[in-house]
Amino acid sequence: MKTWQRKDLLGIQDLSADEINFLLDSALAFKQVGERTVKKVPSLRGKTVINLFIEPSTRTRTSFELAAKRLSADVINITASASSLVKGETLKDTALNLQALNADIIVIRHSAAGAPHFLGKFLKASVVNAGDGAHEHPTQALLDAFTIREKKGRIAGLKVTILGDILYSRVARSNVWLLTKLGAEVTLAGPSTLVPRVFEELGCRVTHNIDEALRDADVINLLRIQHERQRKTMFPSTGEYTAMFGLNKERFSRMKPDSFIMHPGPINRGVEIDSDLADGNRSVILEQVTNGLAVRMAVLFLCSGGQFSES
Amino acid sequence: MKALHIKGGRVIDPGNGIDAVRDVYLADGKVVASLPADAEVIDATGKVVTPGLIDIHVHLREPGRSDKETIETGTRCAARGGFTTVVCMPNTTPAADNTGTIAFIKQRAAEAACVNVYPTGAITKDLKGEELAPIGSLKRAGVVAITDDGHCVQNNELMRRAVEYARMFELPVMDHCQDYNVVADGVVHEGHWSAALGLRGWPALGEDLIVARNVLIAETTDWWVHCQHLSSARSVQLLREAKQRGVKITGEACPHHFVLTDECVKTYDTNFKMNPPLRSERDRAAIVEGLADGTIEIICSDHAPHCNYEKEVEFDVAPFGILGLETELALSLELVRKNVLTLPALIEKFTTNPAKLVRLNKGTLGVGADADVTIIDLDCEWTYDVTASASKSRNSPFHGRQLRGKAVRTIVGGVTKFE
């Protein structure tokens, strides 16, 4: 088995298909750890992981925190409101201070695209991207792929539709890179203002027709409308969004019977997804959350230089 | 001041239709017709001798941000780049919207500048786009144009009145063309790379709309509006069509917009962040075409120094702008080697054309003109090292770039300021 050579996980775009598969295979081993009575391994004992979250997040931060703890690392969480950034310190200075405390891994969530790449240029510590603006959310794409592989046994040849606010979505971008690298056919769907044609240049299909988007899909990945990032001119109302693009029972009934629903959360019941569908047996939303932990354990382990032969 | 005899160079003086090997004589701060007594000989054999180059778009940051640049350091960059005259933008602190600030700039220039400095004044008070600045008084204080550069007057009525009013003082109105609603918080060209990088788009439409607006205002008022740092294909086309029907509209382009494209931002290097942003290859080619057919008659740098610590931040929060004066000529000479422009046509965009727009007795080597001369070695190959820049700042995307062609002597008012 090939080993992982990177100290940082900045995005999916730079990864090869082999690296992605290696990460996914590694996550499989860590998933089993979470199912044991004692859910902890000593892999990162003595290492320090800092969750530097310059943008609000609950699930991703919790997942990274738990992943680090299950690997026996020491974890510290820093959020924007608690940090010096509000006092005018630059991100560079904040990061250098954390490095001076001998942090081994800095997990960063930031509202600015490219912030992890910026840190990666000067930090000796590992940098893991936990979401940068509308750019990438690599661990989300990995956990999505892990879930698809678990359900379908493969990724290549599958038709995956991502529906919703693509323009402002880092989840969409990371998924596009990952799924196309592994041979899936990706369709992006949603209102024309939030799913511009230019996304076809990233190697996927773009449609504004909801029925066309759902018809042949093996997997439907729903995205939330990100009001906090959007310009106000993008579409009329959430009511109209639900009417035009919401996944309701009628639309879902016309999908392939073995297709399933994914959502990176947080879900807005009754907006992009019918509440019953979210809880139904063809929804894997909570399994994604479970898998996210395994994927993040693998990422922290590999970026800190861990080798499977040792553990 | 010693008289100068610039000997044996290829003299390119577009204003007088000259492209020939001949001698140039300077005495008492003017170009003179015959060899003065006791002239110092400058051997220009194998070199090109041009009227001193003019850059009508620079930010010298003084007053207010002398940590980024001063009139002294900014004009040293100019001299190194072959420029004998710069026109500085009014977005200083305080803004150059009052006669006191203009007087300060002129005084600092008299004390510390090594090239000619001509200030612009603001169109509106504090560049806010709300009320007219005292344009007539600014003219008396010595501004050569008005502009809210860095900002754009959004109110079409106010812009129309500004142009109408400036016409009375024969002041050209320069405009940074940006529709705020369309551009909003955009940081890079809206297109492939904004989609791939998740950076907010600054669509070409945001420039095109204001260029179209300016065409209509220039036509309505029958007065000169100059569109600054054009970056998009459609704005070139709008300008081309307007000029064909005789509208008093002009445009300028910066080297970064005809040398680089938005692909450069893919590493999130903030030295590729400027306003307007680097655009697509199609836009870049259109700027080149606009330069070639004369639609864009002026080349300028938009020299915009920023401190390292300001640029060493997340892409979204970094200030827009890059250094330009020291690399401008060499980057522009690439257009000559690629047969986009003849050398005289390029020199025109650095001399007669800008001089005509801002009404200076410069940009020519005709007898009686100011003794501003640039001597250029077209074949000099060099690598730009921004760490050795004369600027106080280091924000250049061209650091380490291999360049060809360089000013080897810059003469201002008959005195050598750089060699």
Side-chain angles (χ1 to χ4, degrees), chain A residues 10-14 54-55 85 88-96 108 110-122 129 131-137 166-174 176-177 188 194-204 206 226 229-234, chain B residues 67 178-206 209 261-273 277-283 306-320 394-395 397 399:
Chain A
L10 301 178
I12 300 294
Q13 198 187 355
D14 303 329
I54 324 275
E55 189 186 57
L85 292 164
E89 188 179 59
T90 64
L91 178 64
K92 184 178 182 180
D93 285 329
T94 301
L96 288 172
I108 180 169
H110 200 298
S111 58
H117 308 68
F118 169 61
L119 294 191
K121 281 178 199 166
F122 59 85
N129 183 357
D132 62 322
H135 180 223
E136 284 231 39
H137 193 349
I166 305 297
L167 184 60
Y168 294 94
S169 174
R170 50 190 169 223
V171 175
R173 285 172 180 79
S174 285
V176 166
W177 301 128
L188 302 178
L194 294 175
V195 192
R197 288 272 164 210
V198 68
F199 277 88
E200 286 172 348
E201 294 175 21
L202 308 188
C204 42
V206 166
Q226 307 204 64
R229 283 187 217 287
Q230 257 169 41
R231 295 177 189 176
K232 289 181 174 57
T233 48
M234 290 305 192
Chain B
D67 53 335
Q178 175 177 353
D179 183 299
Y180 288 177
N181 284 312
V182 172
V183 174
D185 49 6
V187 292
V188 295
H189 175 59
E190 181 184 288
H192 177 92
W193 289 103
S194 66
L197 297 169
L199 290 167
R200 291 187 297 273
W202 192 136
L205 177 67
L209 281 168
T261 65
D262 59 343
E263 186 179 354
C264 294
V265 303
K266 68 184 177 189
T267 62
Y268 296 97
D269 182 341
T270 57
N271 282 330
F272 293 98
K273 181 177 177 182
L278 298 176
R279 296 206 185 274
S280 69
E281 173 54 27
R282 191 177 140 267
D283 291 301
H306 293 293
C307 300
N308 281 352
Y309 72 85
E310 295 175 298
K311 279 286 198 180
E312 287 174 353
V313 293
E314 303 89 312
F315 198 92
D316 279 352
V317 297
F320 291 99
R394 295 291 177 260
N395 53 314
H399 175 60

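Any value given below was found using the heavy atoms of this structure, including those in side chains, with hydrogens, waters and symmetry copies removed. First the proteins, then the strands, lettered A, B, ... as listed; each starts at 1.
Ranked by heavy-atom pairs under 4.5 Å with chain A, the list D269(B), D316(B), V187(B) is led by D316(B).
To the nearest 0.5 Å, atom CD of residue Q13(A) and atom CG of residue L197(B) are 7.0 Å apart. Here the OG1 atom belonging to T267(B) is positioned 12.0 Å from the CZ atom belonging to F118(A), to the nearest 0.5 angstrom.
Ring orientation note: the planes of Y268(B) and H135(A) are nearly perpendicular, at an angle over 60° on the 30°/60° scale.
Residues E312(B) and F122(A) form no side-chain contact, since every pair of their non-hydrogen atoms from C-beta on lies 4.5 Å or further apart. Side-chain atoms of T90(A) and E314(B), non-hydrogen and from C-beta on, never get closer than 4.5 Å to each other.
Between L202(A) and A196(B), the shortest heavy-atom distance links the atoms CD2-CB, 3.9 Å. Closest heavy-atom contact between L199(B) and A113(A): CD2-CB, 3.7 Å.
Only the backbone of S194(B) comes within less than 4.5 Å of a heavy atom of chain A; no side-chain atom from C-beta onward does.
Between the side chain of R173(A) and the main chain of A195(B), a donor-acceptor pair closer than 3.5 Å is present.
Within a 6.0 Å sphere centred on CZ of R282(B), heavy atoms belonging to other residues, nucleotides or ligands number 12 at most.
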